[in-house]
Amino acid sequence: MNKKVLLIALSSIVLVACNSAKDVTSDEANMQESCNFSQAIVGGWAQGDITPEVEQAAKDAVKAIPGEHQLGKIYHVHSKLLQV
């Protein structure tokens, strides 16, 4: 179960990392700022650490995407908080 949750979270990271960089408008910056929660809640997302396991899971997730893709730099890790 935890591996599935981790894979889903890392897949989200990979999709963001694979997208090309774009200019962020002030509205988008404000939306991103309002989504940065300081307290994690059960069922919500929590900030995580970039560990070797996270990097390997991200590499595996990129390999699972059809086509030629490479993992970029991992800037942030978020995981689903299942219990307190």
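Here the structure is a predicted model, which means the values were calculated and not measured. For reference, positions follow the sequence shown, starting with 1.
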Heavy atoms of Ile50 and Ile74 approach each other most closely as CD1-O, 3.3 Å

Rounded to the nearest 0.5 Å, how far apart are CD of Glu55 and NZ of Lys73? 9.0 Å

Between CG of Leu71 and NE2 of His69, what distance do you get to the nearest 0.5 Å? 12.0 Å

CD (Gln47) and NE2 (His76) are apart, to the nearest 0.5 Å, by 7.0 Å

